[in-house]
There are 2 protein chains.
Amino acid sequence: MMRLSTRGRYAARVMLELALCYGRGPTLLKDIAKRQEISEGYLEHLLPPLKVAGLINSSRGAHGGYTLAREPSKINLKEVVQALEGSLSPVGCVDSPSVCQRTGFCVTRDIWKELGEKISQTLESVTLEDMVKRQKGMGK
Amino acid sequence: MMRLSTRGRYAARVMLELALCYGRGPTLLKDIAKRQEISEGYLEHLLPPLKVAGLINSSRGAHGGYTLAREPSKINLKEVVQALEGSLSPVGCVDSPSVCQRTGFCVTRDIWKELGEKISQTLESVTLEDMVKRQKGMGK
DNA sequence: TCTTTTTCCTATTAATCTTATCAGATTAAT
DNA sequence: ATTAATCTGATAAGATTAATAGGAAAAAGA
């Protein structure tokens, strides 16, 4: 069904939340979970990949928590989704040509590749700053 | 991982195959399966949805088989993929707002919706005729 | 009307991926 | 030390996907 998994979706919400708190010190996982209505236990597995990708910083112990590694205007959605979903290609053979013998002469593969590039471009064009602005334009 | 399932991928290849045979009478499922290297048994499940969507015609019995319901230039990839995958939205709440309480004030939902529209546009812009032309430009 | 050819339909299974939960280890501040 | 946090790994439940199998229905030709 070509659906984003909750990993990518939740990651986007986590990063939006951190962008809304930007400049006010570390935010607790517990608070992100509460405000975004995501289970704490599950969130614990989503934040490490964001850190590995260099999108957030964390500090442990009392007064710890998470902060954005860069300004909201310098982080885009493609990076965020990619950190959790791995690849944005709609099919595996785009990333790993050798998984299929047809690669060399497969028209559909070329098209899926182009689709993947469109998806990347689209997500790359949205920054966390954009999202914060939109959020302020909405009710909540 | 936001991957297209084999249903959508195979459907694209089936339709390309039928487009390559366009104007030469019905093509057997068995032949589509052989040329596209897809199991016959599995293909049997993919063709009926294409028929329901009005993209192909079928006739049973001896000398039966499948044909495109329209010229290759009048069928686009969006229709094909949608017939097998159902929806092209990257998240369920775009199609069914009520599945989530946050719908009314969720910035990320709006963005996923826009992404879905981009995906639709991209696939809509590719016709079976385009694919046939590309195929002929490639080796096989 | 009988046989062959072909699509069509339903049920079932096996495998894989997703979504979580839990328990404990590690780190830092007071 | 104690407390407050993040981090890590194991595991299980659930959902989805991919595929197989068996037979029913329909059309054509003898």
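What you see is a predicted model, and the numbers here were worked out from it, not measured in a lab. In what follows, chains are A, B, ... by sequence order, proteins preceding strands, each numbered from 1.
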Cut-off 3.5 Å, side chains only: do B/Arg102 and B/Thr108 have a donor facing an acceptor? no

ILVMFWY network linking A/Met1 to A/Trp112, side-chain heavy atoms under 4.5 angstrom: no

Under 3.5 Å: donor-acceptor pair, side chain of A/Ser73, backbone of A/Glu129: no

B/Lys30 side chain near C/dT7 phosphate (N/O to OP1/OP2, under 4.0 Å): no

Measure from OH on B/Tyr66 to C1' on C/dT5 and round the result to the nearest Å. 13 Å

Runs of at least three consecutive pairs that involve DNA chain C, where pairs are Watson-Crick or G-U with distances under 3.5 Å: C:1-30 with D:1-30

Taking the nucleotide of DNA chain D with the closest heavy atom to each, which residue, A/His63 or A/Arg60, is nearer the 5' end? A/His63

Can you check whether A/Cys93's main-chain N or O pairs, donor with acceptor, with A/Arg109's side chain at less than 3.5 Å? yes

Same apolar cluster (I L V M F W Y, side chains within < 4.5 Å links), B/Leu55/B/Leu28: no

Counting N and O atoms only, with roles assigned by atom type, does the side chain of B/Thr127 sit under 3.5 Å from a partner on the main chain of B/Asp130, one being a donor and the other an acceptor? yes

Using side-chain heavy atoms (C-beta onward) and a distance below 4.5 Å, is B/Val126 in contact with B/Arg134? no

Applying a strict under-4.5 Å side-chain criterion to I, L, V, M, F, W and Y, I'd like to know whether A/Met15 and A/Met138 cluster together. yes

Base, sugar-phosphate, or nothing for A/Leu47, non-hydrogen atoms under 4.0 angstrom? nothing

Under a 3.5 Å distance rule, please check whether A/Ser39 uses its side chain to pair with a backbone N or O of A/Tyr42 as donor and acceptor. yes

Outer limits of DNA chain D sitting under 4.0 Å from a non-hydrogen atom of chain A, read 5' to 3', are D/dA4 to D/dT17

Taking B/Leu18 as the starting point, is it possible to reach B/Tyr22 by hopping between hydrophobic residues whose side chains are less than 4.5 Å apart? yes

Sugar-phosphate or base contact per nucleotide [nucleotides 16-23 of chain C; S, B, -; heavy atom under 4.0 Å]: --SSBBBB

Strictly by modelled atom types, are A/Lys118 and B/Thr122 linked by a side-chain donor-acceptor pair under 3.5 Å? no

B/Leu46 CG to C/dT7 C1', straight-line distance once rounded to whole Å: 14 Å

